[in-house]
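These notes concern the structure reproduced below.
Worth knowing before you read on, the calculation uses all heavy atoms, side chains too, and leaves out hydrogens, waters and symmetry mates. Predicted, not measured: the structure shown is a model, and the values here were computed from it. Every chain is numbered from 1, with letters handed out A, B, ... down the list of sequences.
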Amino acid sequence: MNGTEDLEPQYDPKKVEDRIYKLWEESGFFNPDTLPRKREKTYTIAVPPPNVTGSLHMGHALNATIQDILIRKKRMEGYKTLWLPGTDHAGIATQNVVEKELKKQGTTRYDLGRQAFIARVWEWKEKYGDIILEQFKKLGSSMDWSRTRFTMDPEYQKAVEEAFLHYYRKGWMYRAERVVNWCVRCQTSLSDLELEYKEEKAMLYYIQYPILSRPGEHITVATVRPETMLGDSAVAVNPKDERYRDIVGAEVLLPIQDRPIPVITDEAIDKEFGTGAVKVTPAHDPLDADIGAKNNLPVYKVIDERGKMTALAGPLCEGVKASECRERVVSELKAKNLLVKEESYPHNVSLCYRCGTAIEPQPSMQWFLKMSELGRVALDAVNTGRVTFYPDRWKDVYTHWMGSVRDWNISRQIWWGHRIPLWRCSTCDEAREKPELAARWFLVRHGETEWNKEMRYMGREDIPLNDAGREQARTTAAALKDTGIDIIVSSDLARASETARIIGRELGIDVIENEHFRERHMGEWQGKTTHELKEIHTEEGFTKIRFHYDEAYHGGESWREVEGRVMKGFQDLRQKYQNKNVLIVSHGGTIRMIVKNIRNLHFDVAVRNEPSNGQSIELSIAREQCKNCGNEYVEPIEDVLDTWFSSALWPFATLGWPEHIRDLKEFYPTSVLSTARDIINLWVARMVYSGLEFMDGVPFSDVIIHATILTKDGKRMSKSLGTGIDPMTLIEKYGADATRFGIVWQAMGNQDIHWAEEHVNAGKKFANKVWNAARFVLMNAADPSAFDLSGDILHDAMSDDDKKVLALLEETKKNVGAHIDAYEFGHALHELYEFFWREFCDVYIERSKKARNDAVAVRVLTESLKLLHPFMPFLTEEVWARIPLPGKSMLIVSEWPLPHAR
RNA sequence: GGGCGCAUAGUUUAGUGGUAAAACGCUGCAUUCACAUUGCAGAGUCCGCAGGUUCGAUCCCUGCUGCGCCCACCA
């Protein structure tokens with residue numbers, strides 16, 4: 001009975017970790033359904049799904065280790081444990097990553113079109129999205145991989161749709177035009193929680209507005225954004241402000257615009273700030289929007305979605321960026337002697353949390369989730385203790401925000417994500433639930449040609465597709481696969497008919513050519529590039545002709561003529577194929593005219609909205625006409641949902657809600673959620689009310705808010721700053737167990753960890769110590785009966801050393817268990833380390849070199865391995881395998897050592 | 001503007017109403033012994049600053065300073 005022939009003098013994690021992980025996976029012990037022993041109670045953790053764009057950082061490693069410690073202990077304690085892994089599609093973040101990749105290739109998502117872009121993101125996800133899950137495995141995470149979920153899985157999409165429609169039917173999901181946080185780079189709105197703030201050195205400008213009824217007199221307002229004055233609707237003062245009492249109700253002249261605006265009062269105005277008088281710009285400031293609404297002020301949108309000044313801003317600034325406009329306005333005011341003071345004024349600017357671009361508040365039509373009732377139940381769940389935070393002070397962060405939560409802007413104007421599961425009337429934009437369709441109709445623009453690439457006007461020139469164009473056609477075909485298309489009609493020009501045939505081949509449908517859908521006749525422009533035409537006509541002239549409804553390019557068709565011709569063809573098809581699903585393959589110009597007609601768009605808007613190559617547009621026909629305008633064309637709404645709306649469903653959508661309830665019944669609610677503090681409101685709060693709304697119960701009872709790992713000098717770890725530490729590098733250098741040890745060692749309950757790598761090294765040494773202690777015990781223990789772990793071995797004849805070490809072991813078992821149960825992981829580990837090294841190795845083993853008691857040594861060793869297993873699973877499992885215990889199972893499913901009741 | 005957390009040896013951190021610890025690092029010694037990824041010994045902290053409570057405070061209270069974080073319609 002001697003195991004030492006296998007035990008090398010040093011522990012080498014590289015020889016152990018992958019092999020042991022494989023054994024665990026093959027054992028089925030990660031899956032609660034295939035665990036040994038009869039297990040009544042369940043213990044569930046749904047991992048906070050990392051973004052598919054992410055790779056493991058120290059925060060993930062800490063969090064995964066915490067969860068693994070809990071799961072492994074509970075598994076050993078006989079619970080039916082499920083740790084459910086998965087990833088988040090991370091809407092804006094992922095879209096941005098893929099957009100960056102496209103930029104490197106010299107293209108944009110708009111060039112690709114929506115379907116092709118989404119296909120690209122899926123490709124990206126398939127390639128990189130699971131990296132982080134593989135990294136979890138390297139750390140030793142005992143997750144049930146058979147239940148891995150992704151927030152864009154088909155079943156998960158179902159859940160999101162169900163949840164949205166539930167709120168919609170309840171009247172809590174509504175559409176409204178509001179001033180929202182708009183990111184001019186991402187081209188989407190953002191919720192209030194998706195902002196970051198940065199202090200910026202700004203200037204506070206004091207501007208005089210002349211009072212109309214009192215020549216020579218002014219009211220002075222202070223602002224950091226003088227450019228927005230072009231959209232001012234009023235000047236506001238506090239109603240209690242004596243200084244302005246007699247001016248309230250009067251009109252002042254808005255400089256530059258020379259527009260009279262009223263002086264009004266509002267309680268929200270701070271008398272102390274600036275001059276106590278504020279310019280009110282309802283379009284570009286949330287507070288001003290409120291004041292504007294209360295006072296029925298007109299809204300002048302002077303900044304557009306790209307951050308450029310609109311025509312309403314007037315000739316001084318139209319078309320220029322807001323920052324440039326600021327300079328122009330300031331110098332104009334100076335020239336007019338109306339700028340009386342400039343003082344430096346540091347203030348916070350809000351930034352997009354995904355790209356860091358300054359937010360431009362914009363009035364915009366968006367979807368909102370009503371929060372009054374949901375906020376109340378979420379608050380209640382925490383206040384009544386159904387959800388408990390550890391440490392409890394984090395509860396305040398939650399309740400503080402929940403208590404004053406505003407309606408959630410939930411729609412995003414990006415492409416990657418869950419689409420809002422509603423349709424709209426193509427003509428009047430009225431939203432409705434998906435109607436029963438009499439027929440589905442699609443318009444597809446042909447794929448790319450070489451002339452497209454050269455930006456050369458093709459008109460009737462018969463140019464074939466290039467490779468990219470054929471690829472686009474195939475992508476489009478794939479996207480149209482399940483739409484049930486019956487008929488394909490195509491323009492008879494090669495680039496369209498070729499596109500149509502590729503799609504037709506995929507769908508098994510013949511193509512009918514129809515000359516109504518030919519591209520616009522370009523006359524003399526045909527064959528010329530945009531660049532050449534600008535030289536001929538000047539840029540301005542070119543644009544004017546290009547977007548003129550009645551003017552034809554010399555010798556060609558006007559847009560009016562194109563519209564007439566193509567709509568004739570379209571209506572003929574409608575007549576002919578009443579109840580058929582039809583796909584029309586055509587061209588940029590013709591499709592724009594069909595869309596203009598069906599969507600009832602203004603020509604100027606329609607003509608500028610060119611579809612990209614291969615893009616398909618759905619214009620289907622509803623059985624039931626629009627209640628609002630009586631028209632029949634409908635199309636799906638294009639906006640997608642805030643990523644966090646789908647994340648909010650995580651604890652139950654991952655368990656099969658709403659359709660598959662087997663796991664849901666068994667594992668919901670989950671036991672504990674462990675996460676970082678920065679997503680308490682963004683995620684935790686939303687899971688709580690979603691759970692209450694859809695499952696009628698909180699999604700977890702305990703919330704662990706773990707520490708944030710900072711650099712040694714307390715700075716944020718950031719990949720871009722190069723201050724980040726890659727856990728994979730640590731695992732490579734020290735081993736996974738040492739890495740876990742080093743992380744947990746520092747998790748002492750503070751809200752920050754100032755990262756110190758030396759503790760990982762200490763972990764490596766400790767692993768070696770454990771290994772060698774085992775080596776020593778196994779080398780010496782000659783008596784097979786020493787390996788019988790059944791029963792109590794304490795008896796009176798034992799030496800004092802034996803008794804002492806056994807007593808200390810009992811103490812350690814008690815304390816380690818209690819610390820883990822209280823989520824004090826660092827304390828638990830310190831306790832174990834102290835006992836094992838100082839008491840067992842340095843004292844007991846050293847003394848046992850004189851007088852041995854193998855049974856005691858084996859007992860302390862085996863129990864220690866069990867206690868250590870949640871912290872250092874690989875090492876302990878490997879050592880366990882080397883101990884010749886009769887009838888043993890793997891350590892991962894061995895019984896957790898409980899303190900003896902004495 | 002409001003709130004929260006932290007401040008103890010060179011470093012990362014425990015800890016207690018009666019003038020302090022652990023790990024790593026450092027110094028010295030040991031070593032054919034399970035482990036040099038070791039053992040033993042040792043040096044090193046006026047417990048951020050100023051007040052207060054107390055017989056007595058690093059620990060409780062107040063203020064300040066520094067670092068970090070969160071929230072706010074921060075014109």
Side-chain angles (χ1 to χ4, degrees), chain A residues 4 7-12 179 192-193 195-197 199-200 202 204-207 221-226 228-229 235-237 266 268-270 272-281 285-291 345-350 361 391 393-394 396-398 400-401 403-404 406 677-678 680-681 707-708 710-716 734-735 738 741-742 745-780 826-827 829-831 833-834 837-838 841-842 845-846 848-849 857:
Chain A
T4 46
L7 250 65
E8 307 75 29
Q10 279 97 28
Y11 172 64
D12 181 0
V179 172
D192 296 336
L193 285 172
L195 307 181
E196 276 176 6
Y197 297 90
E199 191 170 283
E200 201 184 67
L204 191 60
Y205 299 89
Y206 289 76
I207 306 168
V221 297
T223 179
V224 289
R225 296 202 64 189
T228 63
M229 70 176 283
V235 169
V237 298
D266 195 280
I269 308 303
D270 179 359
E272 307 304 317
F273 188 91
T275 60
V278 184
K279 57 191 275 315
V280 180
T281 321
D285 183 280
L287 172 61
D288 292 6
D290 287 352
I291 298 175
Y345 173 68
H347 88 143
N348 277 334
V349 289
S350 46
R393 72 188 125 85
W394 294 111
D396 296 340
V397 172
Y398 175 103
H400 181 245
W401 183 74
S404 61
R406 303 202 299 175
R677 60 171 176 262
D678 48 335
I680 290 175
N681 296 323
T708 303
L710 304 173
T711 62
K712 201 157 197 155
D713 43 346
K715 297 280 176 280
R716 202 171 188 81
Y734 301 98
F741 178 102
W745 185 264
Q746 300 179 68
M748 294 304 294
N750 275 320
Q751 71 178 28
D752 295 325
I753 289 171
H754 288 198
W755 179 253
E757 186 168 317
E758 55 263 33
H759 300 298
V760 179
N761 192 40
K764 190 183 176 197
K765 291 184 183 178
F766 184 55
N768 195 58
K769 192 72 183 176
V770 173
W771 179 263
N772 273 289
R775 187 166 183 245
F776 176 81
V777 171
L778 295 178
M779 223 172 205
N780 291 300
H827 288 93
L829 183 58
H830 283 242
E831 180 102 12
Y833 178 92
E834 192 69 16
W837 200 317
R838 300 281 87 95
C841 294
D842 290 349
I845 289 186
E846 284 308 318
S848 78
K849 285 173 183 172

Proximal nucleotide (of [options]) relative to the [X] side chain:
X         : options                : answer
His827(A) : U12(B), G15(B), A34(B) : G15(B)
Tyr833(A) : C35(B), A23(B), U12(B) : A23(B)
Trp745(A) : A23(B), U37(B), G15(B) : A23(B)

Just to be sure I understand the rule, does [X] reach a base, reach only the sugar-phosphate, or reach nothing, if contact means heavy atoms closer than 4.0 Å?
X         : result
His830(A) : nothing
Ile680(A) : nothing
Gln10(A)  : base

Qualifying residues under side chain to side chain contact (heavy atoms under 4.5 Å, CB included), relative to [X], sequence neighbours excluded:
X         : result
Ser350(A) : Leu195(A), Tyr197(A), Ile359(A)
Val221(A) : Ile207(A), Tyr209(A), Val235(A), Ala277(A), Lys279(A)
Gln751(A) : Arg393(A), Trp394(A), Arg677(A)
Arg838(A) : Glu834(A), Asp842(A)

Expressed in whole Å, how much space separates the [atom1] atoms belonging to [N] and [M]?
N      : M      : atom1 : result
U16(B) : G48(B) : P     : 16 Å
G44(B) : G56(B) : C1'   : 27 Å
C24(B) : U37(B) : C1'   : 13 Å
G18(B) : C61(B) : P     : 16 Å
U45(B) : A14(B) : C1'   : 14 Å
U65(B) : G15(B) : C1'   : 25 Å
G17(B) : C60(B) : P     : 9 Å
U58(B) : G51(B) : P     : 13 Å

Inset, instruction - Considering just the side-chain nitrogens and oxygens of Trp837(A), establish if one lies under 4.0 Å of OP1 or OP2 belonging to G39(B). - result: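 Answer is yes, contact under 4.0 Å.
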Legend entry - Test item: Asp266(A) and Val278(A) side chains (from C-beta on) under 4.5 Å apart, heavy atoms: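 No, too far: nothing below the 4.5 Å cut-off.
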If I take atom [atom1] in residue [X] and atom [atom2] in nucleotide [N], what distance separates them, rounded to the nearest angstrom?
X         : N      : atom1 : atom2 : answer
Phe776(A) : U38(B) : CZ    : P     : 17 Å
Gln746(A) : U13(B) : CD    : P     : 7 Å
Lys769(A) : A23(B) : NZ    : C1'   : 15 Å
Ile845(A) : G39(B) : CD1   : P     : 11 Å
Tyr734(A) : C24(B) : OH    : P     : 14 Å
Asn761(A) : U37(B) : CG    : P     : 10 Å
Met748(A) : C6(B)  : CE    : P     : 14 Å
Asn780(A) : A34(B) : CG    : P     : 7 Å

Legend entry - Contacts of type salt bridge (Lys or Arg N to Asp or Glu O under 4.0 Å), residue Lys715(A), not counting sequence neighbours: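 Lys715(A) satisfies salt bridge (Lys or Arg N to Asp or Glu O under 4.0 Å) with no residue once adjacent residues are dropped.
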Legend entry - Residues in salt bridge (Lys or Arg N to Asp or Glu O under 4.0 Å) contact with Arg716(A), at least two apart in sequence or another chain: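 For Arg716(A), no residue satisfies salt bridge (Lys or Arg N to Asp or Glu O under 4.0 Å) once neighbours in sequence are set aside.
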Inset, instruction - By nearest nucleotide on RNA chain B, pick out whichever of Trp755(A) and Asp396(A) is the more 5' one. - result: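 That would be Asp396(A).
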Inset, instruction - Using a 4.0 Å heavy-atom cut-off, write out nucleotides 66-75 of chain B from 5' to 3' as B (base contacted by protein), S (sugar-phosphate only) or - (no contact). - result: --BS-SBBBB
Inset, instruction - Encode nucleotides 40-45 of chain B as B, S and - characters from 5' to 3', where the letter depends on protein heavy atoms closer than 4.0 Å: B to the base, S only to sugar-phosphate, - to neither. - result: S-----
Legend entry - Shortest non-hydrogen separation from Asn768(A) to Tyr11(A) and the atoms involved: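 Taking Asn768(A) first and Tyr11(A) second, the nearest heavy atoms are OD1-N, 3.0 Å.
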Inset, instruction - Could you list the residues that satisfy ring-ring contact (aromatic ring centres under 6.0 Å, His included) with Tyr833(A), not counting sequence neighbours? - result: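 Here the qualifying residues are Phe741(A), Trp745(A), Phe766(A), Trp837(A).
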Inset, instruction - Identify, with sequence neighbours excluded, every residue that meets ring-ring contact (aromatic ring centres under 6.0 Å, His included) alongside His347(A). - result: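 Per chain and number, His347(A) pairs via ring-ring contact (aromatic ring centres under 6.0 Å, His included) with Tyr345(A).
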Legend entry - Euclidean distance, Ile753(A) CD1 relative to Leu710(A) CG, rounded to 0.5 Å: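 Rounded to the nearest 0.5 Å, the CG-CD1 separation comes to 8.5 Å.
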Between the base of [N] and the side chain of [X], is there a donor and acceptor pair under 3.5 angstrom?
X         : N      : result
Lys849(A) : C33(B) : no
Lys765(A) : A23(B) : no
Glu846(A) : A34(B) : yes

Inset, instruction - Could you list the residues that satisfy side chain to side chain donor-acceptor pair (under 3.5 Å) with Gln10(A), not counting sequence neighbours? - result: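 In terms of side chain to side chain donor-acceptor pair (under 3.5 Å), with neighbours along the sequence ignored, Gln10(A) is linked to no residue.
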Inset, instruction - Could you provide the dot-bracket string of RNA chain B, using ( ) for intrastrand pairs, [ ] for crossing pairs and | for bases paired to another strand, with Watson-Crick or G-U pairs below 3.5 Å? - result: (((((((..((((.......)))).(((((.......))))).....(((((.......))))))))))))....
Inset, instruction - With side-chain contact (heavy atoms from CB on, under 4.5 Å) as the test, would you mind laying out the steps for Trp771(A) and Glu8(A) before giving the verdict? - result: CA-CA 9 Å; Trp771(A) 179 263; Glu8(A) 307 75 29; 3.4 Å; yes
Legend entry - Under 3.5 Å donor-acceptor, Glu199(A) side chain and Pro346(A) backbone: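 Not confirmed, Glu199(A) side chain does not pair with Pro346(A) backbone.
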